[in-house]
Amino acid sequence: MLRYLIRRLLWAVLLFVAVTIVTYIIFYAIPADPARLACGQRATPECIKRAAHYLGTDRPLYFQYYKFFGRLMPFSFRGGPHLKEPRLGRSFTNRQSVNSVVAHAAPVTASLVFGGAVFWMLIALPVGILSALRPRSLLDRIAMVFVLVGISAHPVWIGLLFAYFFGFKAGLFPITGYSDFFAHSGDTSAGPVQWAYHLVLPWATFAILFAALYVRMIRANVMETLNEDYVRTARAKGAPEWLVMRSHVLRNALLPVVTMLGMDIGIALGGAIFTESVYGLPGLGKTAITAIDSFDLPTTQGVVVFATLVIIVFNLIIDLLYAVIDPRIRLS
Amino acid sequence: MAMQEEMRQTALELTGDELLVAQDLKKYFPVTRGIVFQKEVASVKAVDGVSFALHEGETLGVVGESGCGKSTMARCIMKLLEPTGGKITFRGQDITKLSRAEMRPFRREMMMIFQDPYASLNPRKRVGFIVAEALQVHKLGTDAEIKRRVQELLEVVGLNPEHYNRFPHEFSGGQRQRIGVARALAVNPKLIVCDEPVSALDVSVQAQILNLLKDLQRDFNLTYIFIAHDLNVVRHISDRVMVMYLGQVVETADRNSLYQEPKHPYTGALLSAVPVPDPTVGRGRKRIVLEGDVPSPMNPPSACRFHPRCPRFVEGRCDVEEPALINRGGPASHTAKCHFPLERWPLTEAEMRTAGTAGTTETAA
Amino acid sequence: MALLEVNDLKTYFRTDDGVVRAVDGVSFSVDKGQTLGIVGESGSGKSVTCLTIMGLNSKRSAISSGSALWKGEDLLTANPRRLREIRGSEIAMIFQDPMTSLNPVHKIGDQLSEAMRLHEDVSRKQARARAVELLKAVGIPRPDRRLDDYPHQFSGGMRQRVMIAMSLINNPDLLIADEPTTALDVTTQAQILTLIERLQEEFGSAVIMITHDLGVVAEIADDVVVMYAAEVAEKGHVEQIFKKPHHPYTWGLMGSLPRLDADVERLVQIQGQPPSMLRPPTGCRFHPRCPYVMPICKEVDPELTAVSDDPGHLQACHLDEETKDREAAKLLAGMMSGQTAS
Ligand SMILES: Nc1ncnc2c1ncn2[C@@H]1O[C@H](COP(=O)(O)OP(=O)(O)O)[C@@H](O)[C@H]1O
Ligand SMILES: Nc1ncnc2c1ncn2[C@@H]1O[C@H](COP(=O)(O)OP(=O)(O)O)[C@@H](O)[C@H]1O
Ligand code: SF4
Ligand SMILES: [Mg+2]
Ligand SMILES: [Mg+2]
């Protein structure tokens with residue numbers, strides 16, 4: 001187990017380094033001249049030179065990367081080892097620190113993605129399990145239609161549809177905007193209720209695709225597990241059906257779902273770009289898009305690096321969780 | 001050590017006209033440990049010094065429990081695995097060190113049939129394609145000729161040649177094993193290595209496949225290495241039988257001699273484990289039951305590898321001095337690797353033990 | 001009264017392709033402490049027969065009729081609650097594949113004690129103690145240390161022992177073993193058979209042993225049921241079946257077996273393969289594969305009738321006694337030809 005843990009950790013670190021190298025190359029080495037971009041439309045040679053020096057793009061590539069990576073690290077050895085704040089750089093457009101941009105946008109995206117994940121699992125678990133238990137029943141057939149629609153419809157389309165019908169026509173939910181989870185004193189427009197109220201439509205939009213995928217996967221896993229020999233063994237022991245389900249079917253059937261969830265939350269971060277645009281949520285996706293539009297390299301890159309780090313850490317957690325619940329991995 | 005080496009050599013008297021000779025064949029799988037850098041910490045001695053000679057048209061049976069290294073040995077002979085040591089000679093030519101390209105002409109001459117008729121056929125390929133594959137690889141004929149040959153082969157193994165275009169899942173287990181046989185036969189090989197071809201089949205289907213293999217051998221003068229864990233199956237089809245335990249040969253004999261006067265206690269236990277389909281005989285006798293499983297080949301028991309499970313085990317001898325694989329009575333070609341060979345057969349378990357101690361009088365005091 | 005009495009048991013499955021007649025009128029009985037062997041090729045309905053008795057078929061697709069009287073109580077009509085009480089405590093079952101029959105995510109000890117705690121009001125500690133006792137009885141070395149191990153840490157033979165221990169934990173009156181040794185080596189098979197015999201003596205359970213190997217039946221069964229295509233082809237005491245087998249299918253099974261004690265050039269083989277149970281052959285279901293087939297065989301389904309002057313021996317074949325005597329004698333003579341003193 002310890003060896004597994006160490007190996008996974010080393011892998012995660014390696015992956016992170018590799019990803020930062022790739023992003024660095026994509027954002028700083030491939031574009032013709034970031035300094036020119038930084039100077040905007042009215043680029044004088046002088047300005048470009050100054051910008052190049054300021055950005056460090058007049059130094060060799062490996063040195064630039066080294067600097068960049070050094071800034072990212074939460075510790076430094078210069079002047080004795082000590083902890084410091086990791087920095088993602090400063091925005092080209094408004095000189096704001098990318099850290100604070102990310103710090104403002106991340107909670108919005110997290111609310112969207114994790115809230116969405118909870119939302120889709122709340123739908124997928126019961127529907128998937130029930131339709132596995134009663135294949136070809138009415139519920140199962142309805143669920144399968146839902147799966148088909150959910151998989152084939154694009155989130156933007158669903159988002160627009162939802163916004164139009166539930167938000168605009170019915171006026172049930174706000175169409176746009178975000179509200180903080182934690183209320184500031186005297187601010188009535190924030191707080192958990194407002195937060196959830198603003199997010200219901202985005203969650204639903206976002207979760208439909210995944211709910212569909214998960215219904216299908218959970219249904220298939222549960223049906224397969226129901227046919228396992230050890231389930232028959234449990235019944236032959238005289239175990240009542242609820243116990244068979246709880247301790248022999250679900251536990252085994254949901255193991256692969258855990259891994260999938262880890263991967264999909266990563267993918268979902270990508271999907272957040274669409275949903276955030278449709279509902280005007282100030283999250284990482286929207287920040288990235290705005291930054292790309294205005295050629296704001298540090299911000300774009302900051303968001304990408306941050307998102308990568310989150311995905312890597314998340315997958316690490318999921319892997320370890322998997323090892324904890326599956327003895328075959330833990331003990332080998 | 002030198003003496004044993006010599007004995008192994010003498011046990012293998014070569015006349016020069018053998019089809020296949022394996023000498024002191026070894027296959028060790030490295031066991032690695034390490035988080036980033038893998039270093040070898042031990043090795044699984046899956047095959048550890050196996051020698052035999054096989055003439056054309058003969059069948060060599062190989063028996064032993066799972067994990068005794070039978071499949072690994074077969075794969076080494078087929079050069080699907082690179083042997084760690086030893087020498088393989090096919091038709092007088094040393095093929096041990098041949099590269100893939102150099103092996104090519106030999107691939108046509110030696111084919112393999114596998115245990116699992118479900119797993120060994122590509123489910124997405126049609127039967128015709130599966131059987132024809134080797135013909136196509138070796139470019140043996142035009143498409144029309146190959147198709148005719150495949151249909152002929154299907155007929156030979158007792159399948160309907162019309163089923164050329166079907167997929168493996170449309171056939172039953174026994175039929176799939178026939179497809180495996182047809183595939184092996186396609187290029188007119190000299191040697192077919194059968195790795196437990198009937199272990200996964202019902203007795204009735206097993207009989208069909210055994211009969212088929214025997215008929216084909218007669219018609220095409222095939223040479224077989226036939227692996228199984230059932231002594232009765234092996235005896236039915238083999239001329240000579242080689243009993244393996246933990247990567248080593250513990251007894252070889254021609255089949256009648258092996259059955260009538262087994263020398264090694266392990267062979268005795270294997271023989272006694274086969275159920276006798278006769279209630280009057282079957283119930284009267286006492287099975288010699290071996291305790292536990294085959295030990296790990298990673299660190300095999302000292303001296304005689306069978307000693308921890310052996311009913312004849314004598315402390316101070318079997319666990320100290322490795323017995324040689326030499327003649328222990330009976331026909332000269334009958335060899336056994338045991339200090340206290342069985343005097344007669346059948347023996348009950350109690351007789352096995354007492355006889356074992358009786359035989360120690362001069363050796364262990 | 002017999003412990004278990006199965007009468008005209010039928011189980012049909014509804015499938016997309018039509019109705020599969022998996023078991024089609026099977027009757028037999030098992031007495032206390034006795035061993036019944038059920039033999040037949042794959043697909044002849046052996047497993048479904050036993051799963052039906054245990055009430056373990058999928059309720060969605062299986063329809064059963066007939067009766068299975070357990071100490072006089074019909075299991076087919078018993079309510080689910082009562083069935084659960086009987087399963088695992090009075091009738092226990094072990095399966096063919098020891099590698100997949102144990103739940104990979106639970107500890108061995110937990111799976112064993114679950115089997116006990118489902119039926120008896122005992123503490124965790126008591127259940128574990130009993131589990132250790134049984135693991136010891138089935139020959140698992142150092143059982144107290146292995147309770148917290150998971151199934152993948154055991155070999156195939158050891159897992160089958162764990163399954164046996166689990167099935168015996170409540171002292172069942174009947175143990176149904178569905179091909180318990182088919183997936184194992186001969187030596188492991190010998191270990192398991194010896195174990196079942198020994199435990200049967202110790203616990204006094206009756207056993208139904210399902211197998212496709214007549215050798216196994218000869219070694220441990222008292223009574224034998226030979227099944228072919230969902231029906232009983234022949235049944236009787238083991239001595240009767242082996243001394244004078246009456247059905248060409250039984251002859252085929254006997255001749256198929258390579259023997260250690262006889263030298264035959266070719267094995268007797270049963271041609272072809274078992275029929276599809278979607279559309280079983282008319283008349284005698286064995287007729288398309290039978291070397292002795294007569295016109296009547298294709299038309300009339302032979303009844304399971306008593307063999308004259310061999311009470312208790314039943315067979316379902318149209319062949320006349322004379323031919324049967326001759327062929328059976330020939331087969332046995334052929335099989336015994338190379339027999340040496342043993
Ligand atoms: N690729 C491999 N790597 C490591 N060990 C192996 C490998 N293949 C086989 N072994 C080990 O070698 C031994 C012999 O295996 P095998 O030849 O498959 O035996 P058999 O065919 O007699 O059952 C076993 O202990 C097995 O675990
Ligand atoms: N759940 C099921 N649905 C449909 N057919 C089944 C089912 N279970 C078994 N069968 C069919 O019933 C027949 C008997 O099967 P089984 O009792 O498992 O045979 P055996 O145990 O003798 O090998 C086979 O033809 C099999 O395909
Ligand atoms: S040498 Fe000893 S331990 Fe080995 S098989 Fe012979 S009697 Fe048994
Ligand atoms: Mg093998
Ligand atoms: Mg079965």
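These numbers come from the heavy atoms of this one structure, side chains and all, not from hydrogens, waters or symmetry mates. Here is the naming used below: chain letters follow the sequence lines, and residue numbers restart at 1 for every chain.
Nearest heavy atom pair, residue Q269(C) against residue A207(B), reads OE1-O, 3.9 Å. The minimum heavy-atom distance between R259(C) and D278(B), with the atom names listed, is NH2-CB, 4.1 Å. Scanning all heavy atoms of the two residues, the minimum distance from R235(B) to L260(C) falls at NE-O, 3.2 Å. Listed here is the closest heavy atom pair of V186(C) and A273(B): O-CB, 3.7 Å. Scanning both residues, P275(B) and E219(C), for their nearest heavy atoms gives CA-OE2, 3.4 Å.
Interatomic distance, D213(C) CG to D202(B) CG, rounded to the nearest 0.5 Å: 10.0 Å. How far OG of S199(B) is from CG of L184(C): 12.0 Å, rounded to the nearest 0.5 Å.
Looking only at distances, a side-chain donor or acceptor of K214(B) sits under 3.5 Å from a matching main-chain atom of E265(C). At least one donor-acceptor pair under 3.5 Å links the side chain of N211(B) to the backbone N or O of L267(C).
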Check step by step if side-chain contact (heavy atoms from CB on, under 4.5 Å) holds for L270(B) and T187(C). CA-CA 6 Å; L270(B) 286 181; T187(C) 44; 3.5 Å; yes

When you look at V203(B) and E41(C), which way does the side-chain contact (heavy atoms from CB on, under 4.5 Å) test go after all the steps? CA-CA 8 Å; V203(B) 271; E41(C) 288 165 286; over 6 Å; no

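Heavy atoms closer than 4.5 Å to chain B are found in both the backbone and the side chain of Q191(C). Contacts of R218(B) with chain C are absent, with no heavy-atom separation under 4.5 Å from either backbone or side chain. Residue I241(C): no heavy atom, backbone or side chain, is found under 4.5 Å from chain B. Neither the backbone nor the side chain of L258(B) has a heavy atom closer than 4.5 Å to any heavy atom of chain C. Contact annotation for L210(B): only side-chain heavy atoms (C-beta onward) come within less than 4.5 Å of a heavy atom of chain C. Only the side chain of Q175(B) comes within contact range of chain C, judged by heavy atoms closer than 4.5 Å. E65(B) touches chain C through backbone and side chain together, each having a heavy atom under 4.5 Å away. When heavy atoms are compared at a cutoff of 4.5 Å, L257(C) approaches chain B solely by way of its side chain, counted from C-beta outward. Only the side chain of Q273(C) comes within contact range of chain B, judged by heavy atoms closer than 4.5 Å.
Salt bridge annotation for R287(B)-E197(C): present, with a cationic side-chain nitrogen under 4.0 angstrom from a carboxylate oxygen.
Ranking L271(B), I288(B), N232(B) against chain C, the residue ahead of the rest is N232(B), based on heavy-atom pairs under 4.5 Å. Taking chain B as the reference chain and counting heavy-atom pairs below 4.5 Å, the highest number among G156(C), G157(C), A190(C) is found for A190(C).
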